[in-house]
Amino acid sequence: AHPQVGAYDPKAYRDADGTLYLVACHFVRPGAIGIVAHRLRDPGALDPAHPPQVLLAPEGLRSEDRNPGGIQLTESCILQRVGARWALLY
């Protein structure tokens, strides 16, 4: 499971079948902030039957090298429906 503490840039999305998802940036491992999708049971609650899915983890990205020992991160995610697929912009 991924920690919920420190999540930011949350956005809700509804899939074509009506399923709701919360997509947010938060730690995917120590020192690395990625983009994670959580299935929602309803607009106010995560669905505990479905574990969070990492959509993007900053493997090898060095966005914070100006700060030695800084974190690796991805931020400001946007999902956009393109035909039958989703595109992730960040």
Side-chain angles (χ1 to χ4, degrees):
H2 302 287
Q4 302 299 308
V5 177
Y8 62 95
D9 288 342
K11 295 175 184 73
Y13 295 93
R14 185 179 303 273
D15 205 351
D17 65 2
T19 304
L20 289 170
Y21 295 91
L22 178 67
V23 178
C25 300
H26 59 81
F27 284 99
V28 294
R29 65 179 183 282
I33 295 174
I35 300 171
V36 178
H38 304 269
R39 187 171 176 165
L40 298 175
R41 184 175 54 216
D42 60 56
L46 299 178
D47 187 339
H50 297 273
Q53 298 296 308
V54 176
L55 302 180
L56 183 67
E59 298 295 330
L61 301 178
R62 302 304 313 167
S63 61
E64 300 298 317
D65 274 347
R66 68 183 183 277
N67 179 13
I71 60 173
Q72 296 181 7
L73 59 92
T74 54
E75 326 183 82
S76 298
C77 60
I78 297 172
L79 286 175
Q80 178 63 50
R81 189 95 172 144
V82 180
R85 303 182 111 177
W86 287 93
L88 175 64
L89 311 169
Y90 60 96

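For the single chain, residues carry numbers from 1 onward in sequence order.
- Ring-plane geometry between W86 and Y13 is classed as perpendicular, the angle between the planes exceeding 60 degrees on a 0 to 90 degree scale with a lower cut at 30.
- Put simply, CD on Q80 and CG on L89 are 7.0 Å apart, with the number rounded to the nearest 0.5 Å.
- Hydrophobic clustering of Ile, Leu, Val, Met, Phe, Trp and Tyr side chains at less than 4.5 Å, counting indirect connections, unites Y8 with F27.
- Partners of D42 under the side chain to side chain donor-acceptor pair (under 3.5 Å) rule, at least two apart in sequence or in another chain, do not exist in this structure.
- In this structure, K11 contributes its side chain and I78 its backbone to no donor-acceptor pair below 3.5 Å.
- Applying the side-chain contact (heavy atoms from CB on, under 4.5 Å) test to P10 and every residue at least two apart in sequence or in another chain returns L22, A24.
- For the side-chain contact (heavy atoms from CB on, under 4.5 Å) criterion with V36, the lone passing option out of V28, L56, V23 is V28.
- With sequence neighbours excluded, the residues that form a salt bridge (Lys or Arg N to Asp or Glu O under 4.0 Å) with R81 are D15.
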Test log, rule side chain to side chain contact (heavy atoms under 4.5 Å, CB included), inputs Y21 and L79: CA-CA 11 Å; Y21 295 91; L79 286 175; over 6 Å; no
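- L40 CG to H50 NE2: the interatomic distance, rounded to the nearest 0.5 Å, is 11.0 Å.
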